[in-house]
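If you scroll down you'll find the structure; I have some questions about it.
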Amino acid sequence: MSSYDVIVIGSGAGGGTLVRHLAPSGKRILLLERGDWLRREPENWSAADVFVDNRYISRDTWLDGKGKAFQPQVHYFVGGATKLYGAALYRLRKEDFGELRHHDGVSPAWPISYEEMEPYYTAAERLYQVHGARGEDPTEPPASAPYPFPAVSHEPRIQQLSDDLAAAGLSPFHAPCGVMLNEANPPYSACVRCSTCDGFPCLVHAKSDAEVLAVRPALEHPNVTLLTNARAVALRTGPSGTEVTRVDVELSGAPATFSADIVVVSCGAANSAQLLLASADDRHPNGLANGSDQVGRNYTFHNSQAVLALSKEENPTVFQKTLGVNDFYFGSDDFEYPMGNIQMVGKSSAPMYRGEKPLETKLAPTRTLENMARHAVDFWLSTEDLPRPDNRVTLGPDGQISLSYTPSNEEPKKRLYHKLKSVLGQAGMHPDHLIPRHAYLKTEIPVAGVAHQAGTCRFGTDPHTSVLNVDCRAHEVDNLYVVDTSFFPSIGAVNPALTAMANAMRVGDHLLERMGAARAVEEHAGVG
Ligand SMILES: Cc1cc2nc3c(=O)[nH]c(=O)nc-3n(C[C@H](O)[C@H](O)[C@H](O)COP(=O)(O)OP(=O)(O)OC[C@H]3O[C@@H](n4cnc5c(N)ncnc54)[C@H](O)[C@@H]3O)c2cc1C
Ligand code: SF4
């Protein structure tokens, strides 16, 4: 059995970032990833392959609360879901760290303040090369440094939209983007500003994903080893029951075991819960770290809507994800509860509409799909969904993920949609043509849209109501940590990846201190 200082399971936003943070310490680190490298191939940028044939959705079957099988929108690759993400890298709002009253109940406070996370947000923005402009978003939390790169410019139709929204009294802002675009010096720009970014892998490795900016740089350190096609299947504890002594893995289908002083789980919220539950033994009959019966509970995933508006004039925008609107994030004059965030998604194209019933039946008789795509302006609306104990991951009969979920905050979600609809006329669009999209969500079954999954192992100070302590260490297991989005006690209404990255760096500093290796990282990749 090979032994390491640290084993990290899962190479996405949480795990990949953590390994990058620990790598300069010289500690022996093993990164286990159940997927393979995502192949660079022409299909990376094919809308038909990616959106219609679901080429990069991993083959996995989960069960819903009624035991019905479905295919979740998951991506098992080096870099995890960030390989396909839209790279909108938002900080949670300062208020999201406190308790917030919502239409359907309370979004609970985090056990740490925004101020404690702030230096790590700044460090994560630097590591992931975030482009943005401070001072435009009225809900923006205080930051100790400017964005490391200037905001990605709006193309003319989106600039017009921004001007129209401002004229309608809103405060549109340049969205924070993780693309390695150098507009001042195009010949030296890694990013070519294409239309196949959000939801697609980046063929030229210019998206700020965890493979490119975390795992690959970490592997330049000889003390870091990556094993792909290495799926952790169980964690085993020693005689005390309070220390993980063995990680059981399926390595290209064959059994293998590894051990380490510290074991970090970062498989994505649903898979991390599955791994802990599947690690039940005599001493942990309900699953590892689950004496509180909290593992798997409080699953959240954003109450999201992808919608398409039809512009009266054509919308030739190539890279559309440059604008956000947070005016309704905490409510409005006519609705006292938070509604959420409005942002753009990648520009839709005709092949993406294939099989989309609302579009085909409502508009296709009068417009061809190509014509529709030429006029489409695409929005993404996110409303916070509240943590509920019964929204949870359990194990199905074969040990697979079983996901029970009932949505919350449906009323604010509707209100947000109507807020957007109400300004369309002033923004040069047909107010009657705001159409829900399913292709971007890649599914018509809401529970399968797990892109923003979080919250199954929340951190807190009370071992009866949380799985992890404030360092993201399991209350019950001395050397077990979780650093993916599982630790979120609430998800807010902005995209979650930057928070997972920042927190991984925060936990990374704690681990370095625990291993007596803090200085090495401060010089290389620490918080400055
Ligand atoms: C299409 C799409 C668009 C998105 N757009 C945005 C966006 O614009 N902005 C944003 O902030 N977020 C976005 N997200 C969400 C974002 O990608 C996730 O929140 C983030 O990647 C979560 O990080 P994580 O570490 O929790 O999990 P992941 O990044 O998913 O990493 C988990 C990793 O663990 C591996 N794994 C799972 N089980 C095991 C096991 N048993 N053994 C070994 N390895 C395992 C997986 O293969 C995966 O690599 C998007 C997601 C998708 C799918
Ligand atoms: S827009 Fe840039 S980062 Fe995104 S896929 Fe295209 S080249 Fe890659």
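We count residues from 1, following the sequence as given. Counting starts at 1 for both ligands and their atoms, in listed order.
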Next item on the list: With heavy atoms of A13 as the reference, note each atom of ligand 1 found under 4.0 Å away.
Entry: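 Under 4.0 Å from A13, ligand 1 has these atoms: 20 (C), 21 (O), 23 (O), 25 (O), 29 (O).
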Check: Mind checking whether T485 has an N or O less than 3.5 Å away from an N or O of ligand 1?
Finding: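 Yes: some nitrogen or oxygen of T485 is under 3.5 Å from one in ligand 1.
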Next item on the list: Determine the interplanar angle of the F258 and Y4 rings, folded into 0 to 90°, and report it as parallel if under 30°, tilted if 30 to 60°, perpendicular if over 60°.
Entry: tilted
Check: Does G79 offer a backbone N or O that forms a donor-acceptor pair with the side chain of D209 under 3.5 Å?
Finding: no
Check: Which atoms of ligand 2 sit under 4.0 Å from any heavy atom of W45?
Finding: 5 (S), 6 (Fe), 7 (S)
Checklist line | Value rounded to 0.5 Å, distance of OH in Y299 from CG in D385 | finding: 8.5 Å
Next item on the list: Please work out which of the three classes, parallel, tilted or perpendicular, describes the rings of W110 and F487, given edges at 30° and 60°.
Entry: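 Taking W110 first and then F487, their aromatic rings stand perpendicular (interplane angle over 60°).
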Margin query: With heavy-atom distances below 4.0 Å as the criterion, list the atoms of ligand 1 near G14.
Written below: 25 (O)
Next item on the list: Could you confirm whether C202 has any N/O/S atom lying under 2.8 Å from atom 8 (Fe) of ligand 2?
Entry: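 Short answer: yes, at least one N, O or S atom is under the cut-off.
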Next item on the list: Check ligand 2 against K207 and write out every atom of the ligand that is under 4.0 Å from a heavy-atom position of the residue.
Entry: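 Listed by number with element, the hits are 3 (S).
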Margin query: Do R193 and F319 form a cation-pi contact, if we require the NZ or CZ to be under 6.0 Å from the six-membered ring centre and within 45 degrees of the ring's axis?
Written below: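 Here R193 fails the 6.0 Å and 45° test against F319.
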Note to self: Looking only at the aromatic ring of each residue, does the gap between the centers of Y56 and F200 stay below 6.0 angstrom?
What the structure shows: no
Next item on the list: Go through ligand 2 atom by atom and flag the ones less than 4.0 Å from a non-hydrogen atom of F319.
Entry: 1 (S)
Item checked: Backbone or side-chain N or O of L84 under 3.5 Å from ligand 1 N or O ->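 In fact, backbone or side chain, L84 has no N or O that close.
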Margin query: With no hydrogens and no angle check, just 3.5 Å: does a side-chain donor-acceptor pair link Y90 and T499?
Written below: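 Distance-only check fails for Y90 and T499.
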Check: Nearest to atom 7 (S) of ligand 2, what protein heavy atom do you find, and at what distance?
Finding: V192 N, 3.4 Å
Checklist line | A81 and ligand 1 - part of the residue with a heavy-atom distance under 4.0 Å | finding: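 Contact part for A81 vs ligand 1: both backbone and side chain.
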Note to self: If the threshold is 4.0 Å, N to carboxylate O, is there a salt bridge linking E41 and R55?
What the structure shows: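 Looking at R55 together with E41, the answer is yes, because their closest N to O distance falls below 4.0 Å.
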Check: So which protein heavy atom does atom 4 (Fe) of ligand 2 come closest to, and at what separation?
Finding: C197 SG, 2.4 Å
Next item on the list: Could you tell me which atoms of ligand 1, counted from 1 in the order shown, lie closer than 4.0 angstrom to a heavy atom of G10?
Entry: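 In order of number, 33 (C), 34 (O), 35 (C), 44 (N).
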Next item on the list: For atom 44 (N) of ligand 1, state which one of H452, R34, E250 supplies the nearest heavy atom.
Entry: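 Heavy atom nearest to atom 44 (N) of ligand 1 belongs to R34.
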Check: Quick one: which ligand 2 atoms are inside 4.0 Å of a heavy atom on V204?
Finding: 7 (S)
Margin query: With the threshold set at under 4.0 angstrom, would you say A230 reaches ligand 1 through any of its heavy atoms?
Written below: yes
Margin query: Using a 4.0 Å cutoff against the non-hydrogen atoms of I9, which atoms of ligand 1 qualify?
Written below: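 Answer, ordered by atom number: 42 (N), 43 (C).
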Notebook entry, point to check: Which ligand 2 atoms does T196 reach within 4.0 Å, using its non-hydrogen atoms?
Noted result: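 In order of numbering, the contacting atoms are 5 (S).
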Could you pull out every donor-acceptor pair under 3.5 Å between side chains of residues 224-235 and any protein atom, sequence neighbours left out?
residue: N229; atom: ND2; partner: D36; partner atom: OD2; Å: 3.2

Item checked: Aromatic ring pairing H131/F149, orientation class (parallel under 30°, perpendicular over 60°, tilted between) -> parallel
Check: Side chain, backbone, both or neither: which part of F77 has a heavy atom under 4.0 Å from ligand 1?
Finding: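 It is the backbone that touches ligand 1; the side chain stays farther off.
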Next item on the list: Answer yes when E384 and R93 have at least one side-chain N-carboxylate O distance shorter than 4.0 Å, and no when they do not.
Entry: no
Note to self: Please work out, at 4.0 Å between heavy atoms, whether the side chain, the backbone, both, or neither of Q453 comes within that distance of ligand 1.
What the structure shows: neither
Notebook entry, point to check: Around atom CZ of R39, are there more than 12 heavy atoms of other residues, nucleotides or ligands at under 6.0 Å?
Noted result: no
Checklist line | Closest heavy-atom pair and its distance - F173, H154 | finding: O-CE1, 4.4 Å
Note to self: I need the atoms of ligand 2 closer than 4.0 Å to a non-hydrogen atom of C191, numbered in the order shown.
What the structure shows: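 It comes down to these atoms of ligand 2: 1 (S), 2 (Fe), 3 (S), 7 (S).
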Notebook entry, point to check: Between S382, C267, A278, which one has a non-hydrogen atom sitting closest to atom 32 (C) of ligand 1?
Noted result: C267
Next item on the list: State if L275 counts as touching ligand 1 under the rule of any non-hydrogen atom under 4.0 Å.
Entry: no
Check: Under a 4.0 Å heavy-atom limit, does S486 contact ligand 1 with its side chain, its backbone, both, or neither?
Finding: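 Neither; no heavy atom under 4.0 Å.
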Notebook entry, point to check: Which value, rounded to the nearest 0.5 Å, describes the distance between T383 atom OG1 and Y329 atom OH?
Noted result: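 One gets 10.0 Å once the value is rounded to the nearest 0.5 Å.
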Check: With atoms numbered from 1 as shown, which atoms in ligand 1 lie under 4.0 angstrom from a non-hydrogen atom of T82?
Finding: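 Matching atoms, with element in brackets: 17 (O), 21 (O).
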Margin query: Using 0.5 Å steps for rounding, measure from the OG1 atom of T196 to the CE atom of M352.
Written below: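 Answer rounded to 0.5 Å: 8.0 Å.
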Check: Is it the side chain (CB and beyond), the backbone, both or neither of Q274 that lies under 4.0 Å from ligand 1, heavy atoms counted?
Finding: neither
Next item on the list: For atom 6 (Fe) of ligand 2, grab the closest protein heavy atom and report residue, atom and distance to one decimal in Å.
Entry: C194 SG, 2.3 Å
Next item on the list: Report the relative orientation of the aromatic rings in W62 and F70; use parallel for angles under 30°, tilted for 30 to 60°, perpendicular for over 60°.
Entry: perpendicular
Margin query: Less than 4.5 Å apart, side chain to side chain, heavy atoms only: is that true for V152 and H174?
Written below: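 No, their side chains stay 4.5 Å or more apart.
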Next item on the list: Please could you name the atoms of ligand 1 that Y76 approaches to less than 4.0 Å, counting only its heavy atoms?
Entry: 46 (C), 47 (O)
Margin query: For E118, is there an ion pair with K94 - N to carboxylate O distance below 4.0 angstrom?
Written below: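 Not counted as a salt bridge, because no side-chain N and carboxylate O are separated by less than 4.0 Å.
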Next item on the list: Output the list of atoms in ligand 1 that are nearer than 4.0 Å to some heavy atom of G86, sorted by atom number.
Entry: 3 (C), 4 (C), 5 (N), 6 (C), 7 (C), 8 (O)
Next item on the list: Could you list which atoms of ligand 1 come closer than 4.0 Å to a heavy atom of A497?
Entry: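 Those qualifying, in numeric order: 10 (C), 11 (O), 12 (N).
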Check: Which is closest to atom 33 (C) of ligand 1 by heavy-atom distance: G15, S266, A500?
Finding: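 Residue with the shortest heavy-atom distance to the ligand atom: S266.
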Margin query: Test of understanding: given a 4.0 Å heavy-atom threshold, classify the contact between D484 and ligand 1 as side chain, backbone, both, or neither.
Written below: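 For D484, the contact with ligand 1 is made by both the backbone and the side chain.
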Checklist line | ligand 1 versus A87: contacting region, heavy-atom distance under 4.0 Å | finding: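 The answer is the backbone of A87.
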Note to self: Looking only at distances, can you tell me whether any N or O atom of Q73, backbone or side chain, sits closer than 3.5 Å to an N or O atom of ligand 1?
What the structure shows: no
